[in-house]
Every structure is written in structure tokens, then in C-alpha cells.
Undergrad: 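Okay, here's the structure, questions in a sec.
Every value quoted in this text rests on a predicted model; they were computed, and no experiment measured them. In what follows, every heavy atom counts, from backbone to side chain, and hydrogens, waters and symmetry copies are set aside.
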Amino acid sequence: GTSENPQEDLKLASQIAASAIDLNPFCPFSLAMNGFVRHHTLQFDDAFDFHDAALAHDPSQAIAWLLSGVLHTFIGEGAEAVRKTEYARSLSPLDPHQYFFDSMAAGAHAVNGEYEEALALADRSLQFNRRYTSTLRVRAFSLEMLGRHDEASRTASEIMQIEPTFSIMKYRSHHPAAKYETGAMWADVLGRTGIPQH
């Protein structure tokens, strides 16, 4: 959502991911990345298929477990999202992109109604990447759901400092979860934290 040319960049990402598969149709990482591209084109069934194919070739492919868990987060299947994202974290406990693993697991726990755990993971993620607004959204959402409105509002302000054009309308129109009940709930809760509607 921060790209100045989202359709162009998505097209380029699709081309690069497809080229990787052409070079090696059995590469688990390339399969997982093709699934990730399909997250953002809202082709969730295809995305699951790519992640499943990656795991069929390498059951220890942490990123495939993680991204498959993210899809479950988007569609509101919290328990399965937690299972997969936590398994991904266990497979790569010292991952150089640990902040991303922690952030995605935080979102899974939040969708599963485990707001304290989501907050703990979000805070852990933010220690390593303070400017990743996806994590800040999970933090604001979890704090609001815990009744800690003032802290949620301060986190919302931090989001707006990093991403000044962010809005609830933008979230509803661009986020892969937006067409699901999960996305609608998150939009409502984030709106209560002070994220502008337009």
C-alpha cells in the first residue's frame, strides 16, 4: 500500500516470481513467493496452492508456512493462522527477518482473539523494525481491543507519521483482507484509534 505505482509494481512482482518458477519449477522459496504475489492479487485459492506446493517439496520451508498462515489470518481462521505462523517461527528462530515472522504471528493471534500475545509479538517485532506499519496496525488494534485506548491512539499517531496518506478508506480498498469479515472488523477498530476515515 505504500507504492506510488501499485499496479505496475504488482505486475513486475508477478513477472519476476513467474520467471523464478520458469528457472526452477520445484524451488520451494520461489513457489512461496508466487503465492505471496497472489495474496496481493486476491487470488487466495491459487496462493494456498503455491504454498502447499512449496511445502510438498520442502516441509521445513518456514516462509511458506508463514505466508500460508497469513492467508488464514486474512480470511479470519485464527486458530489455523496461529498454528502455521507459530510453526514457521519455530522453524527459523534466528531468521534475519524475524521482525516479519513476529509481525505476521502477531496478526494471527489478534485475529484469534489473543490480544495480549499479539501485543507481545508486535512489540518484539518493533524492537527490530520500528517503521513497519503492518506491525503498528496490529499493535493499535490489539491495544484498542484490550481497552487501552490512549495507547492505541498514540500508536495510530505513529502510523500516520510514517505513512501520512494511510486511511480507513485506503485500508478498505487495498488490504487483501478487506473483503472479509476480518478486514471489516479491523477497519472499524482502527477507525476508533484515530486513523482518519479519508
Undergrad: Applying side chain to side chain donor-acceptor pair (under 3.5 Å) as the test, list every pair that has at least one member in residues 136-147; sequence neighbours left out.
TA: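 Every pair satisfying side chain to side chain donor-acceptor pair (under 3.5 Å) with a residue in residues 136-147: Asp123-Arg139, Arg139-Thr155, Glu144-His149.
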Undergrad: Report the residues that fulfil side-chain hydrogen bond (donor to acceptor under 3.5 Å, both in side chains) with Ser92, sequence neighbours left out, ordered by chain and then residue number.
TA: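 For Ser92, the residues satisfying side-chain hydrogen bond (donor to acceptor under 3.5 Å, both in side chains) (neighbours in sequence not counted) are Asp95.
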Undergrad: Does Ser153 reach the main-chain N or O of Thr193 with its side chain, forming a donor-acceptor pair under 3.5 Å?
TA: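 Here the side-chain-to-backbone pair exists.
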Undergrad: Give me each pair satisfying salt bridge (Lys or Arg N to Asp or Glu O under 4.0 Å) with a member in residues 8-28, each pair once, sequence neighbours excluded.
TA: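 Listed once each, the pairs would be none.
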Undergrad: With sequence neighbours left out, what residues match Ser167 under side-chain hydrogen bond (donor to acceptor under 3.5 Å, both in side chains)?
TA: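 Counting only residues at least two positions away or on another chain, Ser167 forms no side-chain hydrogen bond (donor to acceptor under 3.5 Å, both in side chains).
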Undergrad: Under 4.5 Å between any side-chain heavy atoms of Pro176 and Leu42, yes or no?
TA: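 They are in contact (side-chain heavy atoms under 4.5 Å apart), so the answer is yes.
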Undergrad: According to side-chain hydrogen bond (donor to acceptor under 3.5 Å, both in side chains), who are the partners of Ser157, at least two apart in sequence or on a separate chain?
TA: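 If we apply the side-chain hydrogen bond (donor to acceptor under 3.5 Å, both in side chains) test to Ser157, skipping adjacent residues, there are no hits.
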Undergrad: Please list, chain by chain and in numerical order, all residues satisfying ring pair (Phe, Tyr, Trp, His ring centres under 6.0 Å) with Phe100, sequence neighbours excluded.
TA: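 Checked Phe100 against ring pair (Phe, Tyr, Trp, His ring centres under 6.0 Å); zero matches.
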Undergrad: Of the non-hydrogen atoms in Asn34 and Ala18, which two are nearest, and what is the gap between them?
TA: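 Shortest heavy-atom contact: OD1-N, 3.7 Å.
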Undergrad: Dump the intermediate steps for side chain to side chain contact (heavy atoms under 4.5 Å, CB included) on Arg154 and Leu143, then the final yes or no.
TA: CA-CA 10 Å; Arg154 286 195 292 273; Leu143 286 165; over 6 Å; no
Undergrad: Please verify the inter-ring angle class for Phe44 with Tyr180; under 30° counts as parallel, over 60° as perpendicular, anything in between as tilted.
TA: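 Ring orientation, 0 to 90° scale: parallel.
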Undergrad: Step through the shown structure and confirm whether more than 12 heavy atoms of other residues, nucleotides or ligands are within 6.0 Å of CZ on Arg130.
TA: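 Yes.
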Undergrad: Looking at Ala47 and His39, what are the two nearest heavy atoms and their distance?
TA: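 Scanning both residues, the minimum pair turns out to be CB-CD2, 3.7 Å.
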Undergrad: For residues 69-87, which residue pairs qualify under side chain to side chain donor-acceptor pair (under 3.5 Å), counting only residues two or more places apart or in two chains?
TA: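 Every side chain to side chain donor-acceptor pair (under 3.5 Å) pair that includes a residue of residues 69-87, provided the two are not neighbours, is Ser68-Lys84, His72-Glu77, His72-Lys84, Glu80-Arg83, Glu86-Arg89, Glu86-His109.
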Undergrad: Show me the pairs that pass ring pair (Phe, Tyr, Trp, His ring centres under 6.0 Å) and involve residues 4-30, at least two apart or across chains.
TA: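 Found Phe26-His57.
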Undergrad: With sequence neighbours excluded, what pairs up with Leu146 under the side chain to side chain contact (heavy atoms under 4.5 Å, CB included) test?
TA: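 In terms of side chain to side chain contact (heavy atoms under 4.5 Å, CB included), with neighbours along the sequence ignored, Leu146 is linked to Tyr115, Glu116, Leu119, Arg148.
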Undergrad: Shortest non-hydrogen contact from Gly78 to Asn112?
TA: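 Answer, listing the atom of Gly78 first, then Asn112: C-OD1, 3.3 Å.
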Undergrad: Taking only residues at least two apart or on different chains, which pairs with a member in residues 42-51 satisfy salt bridge (Lys or Arg N to Asp or Glu O under 4.0 Å)?
TA: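 As it turns out, there is no salt bridge (Lys or Arg N to Asp or Glu O under 4.0 Å) pair with a partner in residues 42-51 once direct neighbours are skipped.
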Undergrad: Nearest heavy-atom pair of Ala17 and Val37: which atoms, and what distance?
TA: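 Reported closest heavy-atom pair: CB-CG2, 4.0 Å.
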Undergrad: Donor-acceptor pair, Ser125 side chain versus Leu121 backbone, under 3.5 Å?
TA: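 No, because the side chain of Ser125 does not come within donor-acceptor range (under 3.5 Å) of the backbone of Leu121.
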Undergrad: When rounded to the nearest 0.5 angstrom, what distance separates CG in Leu71 from CG in Leu66?
TA: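 The CG atom of Leu71 sits 10.5 Å away from the CG atom of Leu66.
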Undergrad: Considering only distance and modelled atom types, tabulate donor-acceptor pairs under 3.5 Å from the side chains of residues 181-189, sequence neighbours left out.
TA:
| residue | atom | partner | partner atom | Å |
| --- | --- | --- | --- | --- |
| Thr182 | OG1 | Gly76 | N | 3.2 |
| Asp188 | OD1 | Arg172 | NH2 | 2.8 |

Undergrad: List the steps and the verdict of side chain to side chain contact (heavy atoms under 4.5 Å, CB included) for Gln98 and Phe128.
TA: CA-CA 8 Å; Gln98 190 65 46; Phe128 299 98; 5.7 Å; no
Undergrad: What heavy-atom pair brings Ala122 and Thr135 nearest, and what distance separates the two atoms?
TA: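 For Ala122 versus Thr135, the nearest heavy atoms are O-CG2, 3.4 Å.
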Undergrad: Would you say that Trp65 contacts Leu91 through its side chain, given a criterion of any heavy-atom pair below 4.5 Å between the two side chains?
TA: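 Of all side-chain heavy-atom pairs linking Leu91 with Trp65, at least one is under 4.5 Å.
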Undergrad: Please report the shortest heavy-atom distance between Gln61 and Pro28, naming the atom on each side.
TA: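 Scanning both residues completely, I find the closest heavy atoms to be NE2-CB, 3.5 Å.
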Undergrad: Got a sec, which residues hit ring pair (Phe, Tyr, Trp, His ring centres under 6.0 Å) with His40, two or more places apart in sequence or on another chain?
TA: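 His40: ring pair (Phe, Tyr, Trp, His ring centres under 6.0 Å) contacts with Phe36.
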Undergrad: So do the side chains of His175 and Phe74 get within less than 4.5 Å of each other, counting heavy atoms only?
TA: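 Yes, their side chains come closer than 4.5 Å.
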